[in-house]
Number of protein chains: 2
Amino acid sequence: MANKLKFERNEVVRTAGQLFWQKGFNATSTRDLQNATNMRPGSIYAAFGSKEGLYCEALKDYAQLMEGQLSQAINEHNCVLDGLASFVTRVLIEDADCAPSRLCMLIKANNEFTQNEPALKVLSVDLANEFEAFLTTLFKQAQHQNELSTDLSALEYARYFQIQFTGLRSYLNRPDTQALASSLIDQMFASLKQL
Amino acid sequence: MANKLKFERNEVVRTAGQLFWQKGFNATSTRDLQNATNMRPGSIYAAFGSKEGLYCEALKDYAQLMEGQLSQAINEHNCVLDGLASFVTRVLIEDADCAPSRLCMLIKANNEFTQNEPALKVLSVDLANEFEAFLTTLFKQAQHQNELSTDLSALEYARYFQIQFTGLRSYLNRPDTQALASSLIDQMFASLKQL
DNA sequence: TTTGATTTTGAGCGATCGCTCAAGTTAAAA
DNA sequence: TTTTAACTTGAGCGATCGCTCAAAATCAAA
């Protein structure tokens, strides 16, 4: 009894997420989303409740995807730092051309939202903290495997990694900087190891 | 012959700039600007032409202000690196609480605008490149004074500084991170010196 | 083949957007 | 004092915003 859904929820979330990632939350209109997903407003609102609801789901999907890619990169390498470098290379070189932005969608969210959009601000902060916690476990593992000193805590390494990664992504977001990507990634890991 | 302007142009630009810096271009409405500047739409449009025109002037004002503060910090110290550290400390600690955002307004602009707003994108990129050029002259000076090695070019130092600074500002934009500012700034300059 | 719960559709709502301009106000020049 | 160019005012324009909902379409169960 009933009519079946005519769309694949995950696919819609992914498509909407690409738009949000590229243009930001405010600059993406519901008409943009309707065109990109080929859905009528009624269907979107029945499925996601609001533009904000769809955005939340897209942001969570992005965070999960990134954690998945990072996990995969770690598992494919014997040492943690190689896995991290592989992940960074994938994000900033291999997948860079088909991504909607050089910037991390989570960081873009953190930058865009203020106290005026409390729910979205809190969500983006929570997801960023969750990612930081994941990174911290990885750096703890790196220290156990003697890849890094224990002069700094794993959390301090995780903070430094995020600062470098975020700054690098912001820099590579500028026009005509792609050729610098490889050597700047090398520089990032070299400086990490000497901390 | 005529009526005099009832507002101080620089003051209006500064006030509008604070709003734009905090909320971003898209999320700042012309009504917000009217309230903040206590001007009626007609006066704003007579003076600046458009919301975009006002934003451009505010962004240029911001860039000029930052270059001025950096110049001042450099002049007040014998060595360039001390001047840079003083500037970073001012931005991220001393002036942090009264600033509209921990993020650099130029970087926020770079993050927000896409090819859909070509004029604003180009302006923000140009201003960022101008700032990079200024930093490069400073690092050249630092090398001449034997504060830094010449293994890297001055431009490479400038790039690294921007990456670190941007990443750090993004990190300190997260809630409850202010206590970390001082030691992260130290870490930033320590890693810069051993490049 | 009905029935009926579920989903899709799209016209269009009220709100807000960036912005305009005719009318009013101001003050220097005549 | 009168004139007049410059500036301010604010009602409100057309466009677009996020979103709603009655009607049509759809399909599993009866």
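Hydrogens, waters and symmetry mates are skipped; everything else that's a heavy atom, side chains included, is used. Residue numbers start from 1 in every chain, and the chains themselves are labelled A, B, ... in the order their sequence lines are given, proteins ahead of strands.
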Is [X] reaching over with its side chain to a backbone N or O of [Y], donor-acceptor style, under 3.5 angstrom?
{"X": "A:Ser86", "Y": "A:Asp82", "answer": "no"}
{"X": "B:Glu117", "Y": "B:Thr114", "answer": "yes"}
{"X": "A:Arg102", "Y": "A:Arg169", "answer": "no"}

[atom1] of [X] versus [atom2] of [N]: gap in Å, rounded?
{"X": "B:Asn35", "N": "C:dG18", "atom1": "CG", "atom2": "C1'", "result": "15 Å"}
{"X": "A:Lys23", "N": "D:dC17", "atom1": "NZ", "atom2": "C1'", "result": "13 Å"}
{"X": "B:Asn38", "N": "D:dT8", "atom1": "CG", "atom2": "P", "result": "12 Å"}
{"X": "B:Leu33", "N": "C:dC17", "atom1": "CG", "atom2": "P", "result": "11 Å"}
{"X": "B:Asn26", "N": "D:dG18", "atom1": "CG", "atom2": "C1'", "result": "15 Å"}
{"X": "A:Leu5", "N": "C:dA5", "atom1": "CG", "atom2": "P", "result": "18 Å"}
{"X": "A:Leu120", "N": "D:dG18", "atom1": "CG", "atom2": "C1'", "result": "14 Å"}
{"X": "A:Met39", "N": "D:dG18", "atom1": "CE", "atom2": "C1'", "result": "16 Å"}

### Query
Is it true that the side chains of B:Asp32 and B:Ser29 contain a donor and an acceptor less than 3.5 Å apart?
yes

### Task
Quick one: sort the A:Phe113 and A:Tyr55 rings into parallel, tilted or perpendicular, breaks at 30° and 60°.
perpendicular

### Summary
When B:Ala46 and A:Asp32 are each assigned the nearest nucleotide of DNA chain D, the 5'-most assignment goes to B:Ala46

## Note on the structure
Among the nucleotides D:dT9, D:dT8, C:dG10, whichever has the atom closest to the side chain of B:Arg40 is D:dT9

### Query
Looking across every strand, which nucleic acid part, if any, lies under 4.0 Å from B:Phe48 by heavy atom: base, sugar-phosphate, or nothing?
nothing

Between the protein and nucleotides 19-21 of chain C, list the N/O to N/O atom pairs that are separated by less than 3.5 angstrom.
unit_1: C:dC19; atom_1: OP2; unit_2: B:Tyr45; atom_2: OH; d: 2.7
unit_1: C:dC19; atom_1: OP2; unit_2: B:Lys51; atom_2: N; d: 2.8
unit_1: C:dC19; atom_1: O5'; unit_2: B:Tyr45; atom_2: OH; d: 3.4

### Task
Please list, chain by chain and in numerical order, all residues satisfying salt bridge (charged side-chain N to carboxylate O under 4.0 Å, His left out) with B:Arg9, sequence neighbours excluded.
B:Glu57

### Query
With a cut-off of 6.0 Å (strictly less than), are more than 12 heavy atoms of other residues, nucleotides or ligands near NE2 of A:His77?
yes

